[in-house]
Amino acid sequence: MIQVEHLTKRYGNTLAINDVTFDVKKGEILGFLGPNGAGKTTTMRILSGFIPATDGKARVSGYDVFEQPLEVKRRIGYLPENPPLYQELSVDSFLTFVAQIRGVKSEQISDRLEAVKEQCGLEDMGSRLIKYLSKGYRQRVALAQALIHDPDVLILDEPTVGLDPKQIIEVRELIKRLAGEHTIILSSHILPEVSMTCQRVVIINNGRVVATDTPENLKTTLAGSNQVQIEFRGDMDGVRRALASLGHLKSVRPESTSANAAVLRVEVEPGFDERADMARAVVQSGADLLELKTTGPSLEDIFLKLTTEESGIEA
Amino acid sequence: MRNIFALWKKELSLFFVSPIAYVVLTIFLLLTGFFFRSIVVRVVEFSIQEMIQAQQFGGPPPARDYAQDVLRAFFGVLSTMILFLMPMLTMGVFADEKRRGTIELLLTSPVTHWQIILGKFLASVTFYMVMLLPTGVYALFAYRYSEPKFMWRPVLSGYLGILLLGTVLISIGIFISSLTENQIIAAVTTFAVFIILWVIDFAAQGTGVISEAMQYLSVLNHYDDFAKGVIDTKSLVFYGSLILLGLFLTSTSVESLRWRE
């Protein structure tokens with residue numbers, strides 16, 4: 001649905017984004033994750049046709065963003081970081097205006113208006129002036145604006161920034177509901193948001209893509225290994241000997257020992273699941289197995305690791 | 001066409017909810033009313049004086065069209081007034097759009113630059129026409145009480161002139177508004193440019209090649225013809241090309257906005 005190839009944007013001597021490549025499949029929610037100033041907004045502005053790229057290609061629904069901008073704009077719903085609202089207009093007249101310039105047929109405008117107001121929970125707000133709405137409601141109006149022409153692709157730049165926790169949850173639920181029908185790119189600098197809503201994540205830092213994968217895969221492949229924590233009651237050396245006979249384990253080290261329980265931390269080679277064998281080994285060694293769980297690093301760790309490593313290379 | 005209409009309608013509804021529009025309208029109508037009254041009083045005094053002089057010296061009363069004098073002076077006042085008020089009308093056209101961030105909404109919608117610019121331009125012209133409309137009452141008033149009745153032609157051509165002059169100012173003002181996101185800067189710059197346009201008229205006094213060139217470049221010089229009832233093709237072309245120039249500059253500025261952002 002969206003293909004981005006070697007996209008580069010230069011401002012004077014600074015590279016805002018450098019050789020960014022990724023693609024998004026139909027109906028997918030792609031998370032665009034990176035610290036502030038990483039180039040998320042620049043990438044989204046290029047995709048939405050607001051600014052041109054210095055180099056590279058971007059296609060939306062098969063149309064080139066630079067060569068057929070109007071065709072692309074017809075198929076995109078874009079929510080900029082700062083909601084673009086005319087404060088003095090009412091919700092209805094604002095949405096009607098946006099529907100008109102996005103090419104919604106006159107006879108369909110009132111239907112679309114009702115549909116997006118229902119989707120975004122704005123049913124009773126139609127005649128209110130936007131300036132009298134709370135921040136959460138303004139964000140909903142901005143989202144409704146992006147949805148009004150029923151676009152194939154939604155580009156949402158930090159859709160939950162500045163909202164209170166309840167509103168954040170509501171907006172996330174709404175975005176999840178929109179997936180499937182729409183292809184969504186969502187940017188955020190908040191990790192849980194991306195891992196909760198997105199099927200795939202592109203991590204961007206200093207204008208470069210540093211990783212692209214599912215949140216789960218990122219956890220396993222990028223961590224280098226998975227860790228398993230085993231709590232048992234019994235002979236420490238016996239258990240360690242039993243575990244040493246198993247394959248695919250990188251290291252086994254004791255975490256804590258007390259009178260009635262000991263904890264071992266086992267590092268397993270990536271891509272292997274040794275939990276069943278480990279449980280059997282512990283029990284066969286004569287110890288009582290109390291708990292066995294994987295403690296993979298959180299996406300937060302990966303994110304921090306990726307971004308700090310990356311800036312380490314730069315420096 | 002549909003896009004231009006939608007943009008025009010939005011722009012007008014924003015005009016009519018903004019306090020600036022009402023301030024401009026009120027000041028304009030108050031001042032035009034005041035000046036119309038003082039012009040009438042002055043012309044009446046002057047005509048009485050002339051009549052008394054004619055009686056004293058036993059000659060025939062002078063054959064002057066006093067109603068026409070009133071209207072010509074009035075059109076002169078109108079042109080000065082829009083010089084002051086037009087910057088307030090055009091300052092926000094693009095600057096405000098940039099400040100709010102709604103320019104991002106417009107430029108990521110499937111509309112062309114020209115549609116955006118024309119929608120905004122036509123909305124400003126429409127508002128300006130709405131502003132001029134009530135002054136027609138004064139012309140009707142002059143017609144009702146003048147004896148013999150004056151001709152409508154100079155009045156209509158005067159309005160055509162003031163409309164064209166104002167439209168030139170609108171197109172220049174919109175261009176300047178597209179250069180900044182600060183309305184005050186836009187208004188001050190627009191006002192400065194208008195003053196220069198008026199100053200050219202002073203430079204046009206006298207003879208010689210330079211003054212002749214200045215005479216052609218003076219926006220007011222062309223306007224005088226209209227107020228006299230003369231619709232000169234040269235003036236139409238002059239105003240038309242200035243309007244187009246302003247619109248083209250705006251288009252370039254909006255295009256370059258995307259590269260600068």
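A, B, ... follow the sequence lines: proteins, then strands. Residue 1 opens every chain. Treat the numbers as computed from the prediction; the structure is a model and nothing was measured.
- At a 4.5 Å heavy-atom cutoff, the contact between A:Leu85 and chain B is made by backbone atoms alone.
- No more than 12 heavy atoms of other residues, nucleotides or ligands sit less than 6.0 Å from atom CZ of B:Phe141.
- B:Glu97 touches chain A through its side chain: at least one heavy atom from C-beta onward sits under 4.5 Å away, while N, CA, C and O do not.
- Within the 4.5 angstrom heavy-atom criterion, only side-chain atoms of A:Gln145, from C-beta onward, approach chain B.
- Counting heavy-atom pairs under 4.5 Å between each of B:Ile4, B:Val111, B:Thr108 and chain A puts B:Thr108 at the top.
- Minimum interatomic distance between B:Gly101 and A:Pro84 (heavy atoms only, all atoms of both residues): O-CB, 3.7 Å.
- Between B:Arg100 and A:Glu88 the shortest heavy-atom distance is NH1-OE1, 3.0 Å.
- Here the CZ-CG distance, from A:Phe50 to B:Leu257, works out to 6.0 Å after rounding to the nearest 0.5 Å.
- Closest non-hydrogen pair, A:Leu89 versus B:Ser13, comes out as CD2-OG, 4.0 Å.
- Within 6.0 Å of CZ on A:Arg10 lie no more than 12 heavy atoms contributed by other residues, nucleotides or ligands.
- When all heavy atoms are compared, the tightest approach of B:Glu104 to A:Pro80 is OE2-CB, 3.5 Å.
- Taking B:His222 as the reference, B:Tyr216, B:Phe238 meet the ring pair (Phe, Tyr, Trp, His ring centres under 6.0 Å) condition, with sequence neighbours excluded.
- Within residues 90-109 of chain A, the residues that have a heavy atom under 4.5 Å from a heavy atom of chain B are A:Phe94, A:Phe97, A:Val98, A:Gln100, A:Ile101, A:Arg102, A:Gly103, A:Val104, A:Lys105, A:Ser106, A:Ile109, listed by number.
- Contact annotation for A:Tyr86: both backbone and side-chain heavy atoms come within less than 4.5 Å of a heavy atom of chain B.
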